[in-house]
Amino acid sequence: MIVLFNCTCAVPTTMDSFHPVPVKVNPDLQKERDAALFNPVELTYLKDGGKDKTERRRRCELLAINDPDLQHKDISFMARNERYSNAVRKAVIIARKIKEHRLTNMEEKQLYISAATQYDTYGFGLHYGMFLPALSAQCDEEQRNYWLPLAENLKILGTYAQTELGHGTFIRGLETTAIYDPKTEEFVLHTPTLSALKWWPGNMGKTATHAVVLAQLYTNGKSYGLHPFIVQLRSLENHQPLPGITLGDIGPKLGFHSFDNGFLGFDHVRIPRRNMLMKYSQVSPDGFYIKPIHAKLTYSTMVEARVTLVSDIAYSLSQAVTIAVRYSAVRRQTEQIKGVKEPQILDYRTQQLKLFPYLAAAYAFTFTSFVITGRYIEVQNEMNDGNMESLSELHALSAGLKAFTSYVGNEGIEVCRLSCGGHGYSQASGFPELYTLTAPISTFEGENTVMLLQTARYLMKCATTAKRGLELPRFVLYLSQRQKGQCPARNESDLLDHGLLSDAFEHRARRLVIEAAQKMQSNIGKGNPQHVAWNNCHMYLLKAASAHCHFYVVQTFVKYINDTEMSDAVRDILTSLCQFYALHGIWQNAGDFLQDGYMNGNQLDMVQSLVGKLLDKIRINAVALVDAFDFRDEILCSKLGKYDGNVYEAMYEWAKNSPLNKTEVHDSYNKYLRPLMQSSKAKL
Ligand SMILES: CCCCCCCCCC/C=C\C/C=C/C(=O)SCCNC(=O)CCNC(=O)[C@H](O)C(C)(C)COP(=O)(O)OP(=O)(O)OC[C@H]1O[C@@H](n2cnc3c(N)ncnc32)[C@H](O)[C@@H]1OP(=O)(O)O
Ligand SMILES: Cc1cc2nc3c(=O)[nH]c(=O)nc-3n(C[C@H](O)[C@H](O)[C@H](O)COP(=O)(O)OP(=O)(O)OC[C@H]3O[C@@H](n4cnc5c(N)ncnc54)[C@H](O)[C@@H]3O)c2cc1C
């Protein structure tokens, strides 16, 4: 039976509320909305960057949501083959509709794509997410003029092939070779071992015709390290792999079921010299190598992707808390007083302690994503002018924040699922897809531990620079400032001060960075080589990097509230949320704040007491805070998180569509159960 996504789109929407006016709203949810102390739409405008941007976003989303061509049965009821095929079908329709709707602006395209794909992966995700960015960043002008129109007009479909079976993290260890042959002016691409097979690239198994392939460049008998090459993988006539190329799908995964992550091998495949992407380094026809102005420019596509992932995590976490908070408002459980209605589970302190830290984190990460995206654009402009000075800073910041936010995001989505009890485990909740779509962010684009260690590496250098009294970039300037002694808070009201809270995280970050630097120094002092000292100090380094990122997020949240115009009511709730985010962070990491005596037991008691008090403040506004994220039901794809709160009706309707319910009696009855139960010897 085919189920279309619920056709609520026919119901009119009002200007202030993006949601169709429901026939009947669950009274508990209505009561929550009536009691909120601020207007959620104001916060929606703020988060989107203004009322006009909200309206534009809604218009883009509705274009996709209302399009009958993009409807299909629930992906939970599809097998993998069908899911892959459906994702490709939709990707093709999306491409056509983007043209028809004249969505030329990148932001609008992304909004449209994410509304159209709903909670599934996008069939051309790697093409738009990495292939095009890699071409844009790494092609010289002539190459751009040739390749970009082909890629932008989908005459070719691409992927980003870097990881191999044997190496993903340590990319200097990749084995695929590109050996220059000056006689024919070609590179010969080769996979010398099984472990050198490209493994994991998305859309490579069955979809892509081309790839940006990262391979070790050799010319004139010398190795010059990893470089990007554009390689045609499949015929543009019949999609067959080209001679010398082995391609396939790597098989089912934890999630990403609609994605054809693939493997790729080369058997001495020849490509023209100009298929090496030559913006930063070149090989001349006679094989002379010209090196780039910065050794790590080949890695720039990953930096861009890591910046984007901070926004993606904020978005997924916002979806998870929206589902869990709405459901917790309508779910009632466990009679407290005989004969009196069971309480809403949102009233349990434990439930609030599960959900509100992630609600606060969702806002904190949203604001952080604005700042890091802005910084990325600034550095990109500097780099376009030939100034590479800030590349290391951007790498350290993006690697650390991608890791810090995705750890919290993954954990938060799982906590939200658990907070919904048994129903959280049903595909109807939306959590299984949300979780499995978000879980690999901790791994791809740089495994999280490895990324935090990259941030630590940068911080160690900064600690040395600071010790020498030299200038540091703005975001690590705090490392050159002296520690401020003890936390000055005397009472609870002092502890609500944003400046004081930000100072506490600054103090912790500085202390842990300096401590890690000292541990490294003493390890090296004992005669250990650098890499042994580094390994011995991993636990300090990881903590330092994580504390630095935590401070960055707290500071960004505080600065956002201080620097942004908003109504008193919105300022009031964001202030509470920011206080809660910081105080909860102190409470959860109490050891770090107590260890050097920066805080004392009495102050920690006050922190804990404030965490409890702020729960009440957030509780009243919790539903409005998640409503402000402004997810339409068609985008949230959760029966538990429906805007109208009619959860049980929706779950029952959804379950009826399970393929197992197609017939009253399943085939397996006649095949297996009947013979078993009716065998002549069976006795009751
Ligand atoms: C319309 C759009 C729709 C979009 C939809 C999108 C949907 C897409 C869904 C996609 C799903 C998945 C996509 C996934 C893709 C991938 O995973 S691609 C593969 C990613 N792989 C990685 O991230 C590998 C991680 N490893 C590394 O980056 C490096 O190996 C590592 C940094 C760990 C180490 O590199 P080395 O070369 O060994 O460097 P090292 O010796 O440690 O350091 C030398 C020096 O260089 C500095 N450094 C390292 N990296 C960078 C960088 N990127 N930029 C700047 N500087 C860098 C490093 O810190 C050192 O500095 P120092 O000064 O010498 O200390
Ligand atoms: C869903 C998905 C999609 C992907 N898409 C693509 C794609 O499109 N293109 C592409 O090229 N790749 C892709 N990848 C591959 C991905 O980028 C790599 O898996 C990732 O970079 C991690 O590398 P790895 O698998 O080698 O992990 P490993 O490095 O083997 O990690 C295993 C463990 O070793 C630890 N470790 C490794 N090195 C160190 C170190 N130096 N110090 C301390 N600990 C260390 C890690 O912390 C981790 O705990 C994808 C992966 C997934 C899961």
Side-chain angles (χ1 to χ4, degrees), residues 91 94-95 98 103 106-114 116-117 120-134 158-174 198-205 208 211-214 225-226 250 253-262 264 294-306 308-309 311-312 379 383 388 390-399 402-403 436-462 531 534-535 538 541-542:
I94 289 168
I98 282 178
L103 301 175
M106 195 55 195
E107 212 181 316
E108 287 179 349
K109 278 189 200 172
Q110 274 166 354
L111 289 168
Y112 180 82
I113 291 169
S114 82
T117 47
D120 204 0
T121 42
Y122 173 40
F124 297 157
L126 257 288
H127 180 86
Y128 285 106
M130 292 201 79
F131 179 67
L132 261 169
T159 184
Y160 183 81
Q162 180 174 291
T163 306
E164 295 173 358
L165 197 49
H167 286 104
T169 289
F170 180 56
I171 50 184
R172 275 185 290 139
L174 295 178
K198 293 290 174 192
W199 199 273
W200 273 114
N203 304 143
M204 193 168 77
V212 168
V213 173
L214 277 289
L226 218 52
I250 64 166
K253 300 145 299 218
L254 181 69
F256 270 62
H257 302 302
S258 311
F259 234 45
D260 52 328
N261 294 84
L264 161 68
H294 188 294
K296 298 298 164 187
L297 283 168
T298 312
Y299 297 3
S300 63
T301 313
M302 290 181 280
V303 174
E304 181 177 349
R306 287 169 197 148
T308 310
L309 288 174
S311 319
D312 291 354
V379 176
M383 283 168 56
M388 303 292 151
S390 304
L391 182 59
S392 306
E393 168 200 327
L394 184 67
H395 164 57
L397 186 62
S398 57
K402 176 272 194 190
T436 53
L437 272 180
T438 318
I441 298 180
S442 288
T443 306
F444 62 53
E445 297 302 356
E447 197 280 330
N448 274 359
T449 306
V450 175
M451 290 299 100
L452 283 171
L453 288 173
Q454 282 290 313
T455 306
R457 183 176 166 126
Y458 180 82
L459 292 172
M460 292 305 99
K461 285 196 166 179
C462 292
H531 70 281
W534 187 255
N535 196 26
H538 268 175
L541 293 162
L542 215 58

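Just so you know, these numbers come straight off a predicted model, no measurement behind them. Counting starts at 1 for both ligands and their atoms, in listed order. What's counted below: heavy atoms across the whole structure, side chains too, no hydrogens, waters or symmetry copies.
With hydrogens left out, the protein atom closest to atom 39 (O) of ligand 1 is Lys296 NZ, 3.7 Å, a heavy atom. Ranking the protein heavy atoms by distance from atom 30 (O) of ligand 1 puts Thr169 O, 2.6 Å first. The closest protein non-hydrogen atom to atom 63 (O) of ligand 1 is Lys461 NZ, 2.6 Å. The nearest heavy-atom contact from the protein to atom 34 (C) of ligand 1 is Gln454 NE2, 3.7 Å.
Put simply, no part of Glu447 is less than 4.0 Å from ligand 1, judged by heavy atoms. Close to ligand 1: Gly168, with a non-hydrogen atom less than 4.0 angstrom away. Using 4.0 Å as the threshold, Lys109 has no heavy atom nearer than that to any atom of ligand 1.
Side chain of Glu447 to main chain of Thr449: a donor-acceptor pair is present (N/O by atom type, distance under 3.5 Å, no hydrogens or angles).
Counting heavy atoms from C-beta on, the side chains of Tyr299 and Gln162 never come closer than 4.5 Å.
Checked against a 3.5 angstrom limit, the closest N/O atoms of Gln162 and ligand 1 fall inside it. Checking only distances, Tyr299 does come within under 3.5 Å of ligand 1, N or O to N or O.
Near Gly446, the atoms of ligand 1 lying under 4.0 angstrom from a non-hydrogen atom of the residue are 22 (C), 23 (O), 25 (C). Annotation for ligand 1: atoms under 4.0 Å from non-hydrogen atoms of Ile113 are 1 (C).
When the ring pair (Phe, Tyr, Trp, His ring centres under 6.0 Å) test is applied to Phe444, no partner is found at least two apart in sequence or on another chain. For Ala403, the side-chain contact (heavy atoms from CB on, under 4.5 Å) criterion is met by Asn448, Met451, Leu452, not counting sequence neighbours. Qualifying ring pair (Phe, Tyr, Trp, His ring centres under 6.0 Å) partners for Phe124, counting only residues two or more places apart in sequence or in other chains: none.
For atom 54 (N) of ligand 1, the candidate residues are Glu304, Glu393, His395; the nearest heavy-atom contact is made by His395. Remark: among candidates Ser114, Ser392, Gly125, the nearest residue to atom 8 (C) of ligand 1 is Gly125, based on non-hydrogen atoms.
Contacts of ligand 2 (protein heavy-atom distance under 4.0 Å) are Leu126, Tyr160, Gln162, Thr163, Gly168, Thr169, Trp200, Pro201, Gly202, Asn261, Pro440, Thr443, Phe444, Glu445, Gly446, Glu447, Thr449, Val450, Leu453, His538.
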